[in-house]
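Side chains are part of it too, since the values below use all heavy atoms of this structure and drop only hydrogens, waters and symmetry mates.
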Amino acid sequence: MPRWLPHPVQTLILTGFWFFLVNDFSLGVLTLGLILGIVVPLYTTRFWARPPRLASLPKATAYFFLVLWDIVVANVQVAYWLLFWRNDQLQPRFFTVPLDIRTPEAIATLAGTITMTPGTLSSDLSADGRALLIHGLHVPDVADAVATIKSRYEARLLEIFA
């Protein structure tokens, strides 16, 4: 990539957002949007960490659809709990998931996945980055919840961010 265009995707995104902000399409707006789209990444490049390396784009795509499916299923499950269960039937609790993943991008992806799935929320990351504190709306068996997260999400993220 040329040195004057270090992050072309960010350039396109910034230019697109500029159009949305100005709410006008003209040559001047396009020119200013492109200037901002080039200057901002040039100025911020020194603050960027090494870009994450995806070991497998097909596995990342499969992970995306798995998470999308889990979000739909969890929405139905949480709606069922809220509509048909009494409060005293739910077993909300905090639990800790020990992490095998180490890259910040993989940890952030796991935490985001857990938070996006209804009924669970990533609450905290340990200072050493080796454990994630999670709150679940209904967690009758902590060991089962931890095993599910590790096998369903973390194992796949280990392959994606290898």
Q. Just wondering, do V78 and W81 contact through their side chains at under 4.5 Å, heavy atoms?
A. yes
Q. E154 side chain to L110 main-chain N or O, any donor-acceptor pair under 3.5 Å?
A. no
Q. Which atoms form the tightest heavy-atom contact between A111 and S122, and what is the distance?
A. O-OG, 2.9 Å
Q: Applying salt bridge (Lys or Arg N to Asp or Glu O under 4.0 Å), name anything that partners D100, two or more places apart in sequence or on another chain.
A: K150
Q: Considering non-hydrogen atoms only, spot the tightest contact between R102 and I107 and give its length.
A: O-CD1, 3.9 Å
(Q) Under a plain distance cut-off of 3.5 Å, with no hydrogens placed, do T113 and Y63 share a side-chain donor-acceptor pair? (A) yes
(Q) Less than 4.5 Å apart, side chain to side chain, heavy atoms only: is that true for V146 and F95? (A) yes
Q.
To the nearest 0.5 Å, what is the distance between CG on L137 and CG on L121?
A. 11.0 Å
Q) When clusters are formed by joining ILVMFWY residues with side-chain heavy atoms under 4.5 Å apart, either directly or through shared neighbours, do L158 and V67 land in the same one? A) yes
Q) Hey, are the side chains of I114 and L132 touching, using non-hydrogen atoms and a 4.5 Å cut-off? A) yes
Q: Indicate the atoms forming the closest heavy-atom contact of L99 with G129, along with that distance.
A: CD1-O, 3.8 Å
Q) Are V40 and V29 co-members of a hydrophobic cluster defined by side-chain heavy atoms under 4.5 Å apart? A) no
Q | Heavy atoms of other groups near N87 CG, more than 12 under 6.0 Å | A | no
Q: Please work out which of the three classes, parallel, tilted or perpendicular, describes the rings of Y80 and F84, given edges at 30° and 60°.
A: tilted
Q. What about V139 and F94, same hydrophobic cluster or not, with Ile/Leu/Val/Met/Phe/Trp/Tyr joined at side-chain heavy-atom distances under 4.5 Å?
A. no
Q: Could you tell me whether the side chain of H138 and the main chain of Q91 form a donor-acceptor pair under 3.5 Å?
A: yes
Q: Please report the shortest heavy-atom distance between L14 and P41, naming the atom on each side.
A: CD1-CD, 4.0 Å
Q. Same cluster or not: are L34 and F20 linked, directly or through other Ile, Leu, Val, Met, Phe, Trp or Tyr residues, by side-chain heavy atoms under 4.5 angstrom apart?
A. no
Q) Do the side chains of L66 and Y153 get nearer than 4.5 Å, heavy atoms only? A) yes
Q: Quick one: list whatever passes side-chain hydrogen bond (donor to acceptor under 3.5 Å, both in side chains) with R152, sequence neighbours left out.
A: D70
Q: Can you see which heavy atom on I71 is nearest to which on M116, and at what distance?
A: CG1-O, 3.8 Å
Q: State, yes or no, whether a side-chain contact exists between F161 and T109 at a heavy-atom distance under 4.5 Å.
A: yes
(Q) How close do I160 and A60 get, counting heavy atoms only, and between which atoms? (A) CD1-CA, 3.6 Å
(Q) Grouping I, L, V, M, F, W and Y whenever their side-chain heavy atoms are under 4.5 Å apart, do L83 and L90 come out in a common cluster? (A) yes
Q.
With a 6.0 Å cut-off (strictly less than), is the heavy-atom count around CZ of F19, excluding the residue itself, greater than 12?
A. yes
Q. Nearest 0.5 Å, what's the CD-CG distance between E105 and L157?
A. 11.5 Å
Q.
Would the distance check show the side chain of T117 and the main-chain N or O of T120 forming a donor-acceptor pair, the cut-off being under 3.5 Å?
A. no
**Q.** Under 3.5 Å donor-acceptor, E159 side chain and R156 backbone
**A.** no
Q: Taking the side chain as every heavy atom from C-beta outward, state whether I134 and I149 have any pair of such atoms under 4.5 Å apart.
A: yes
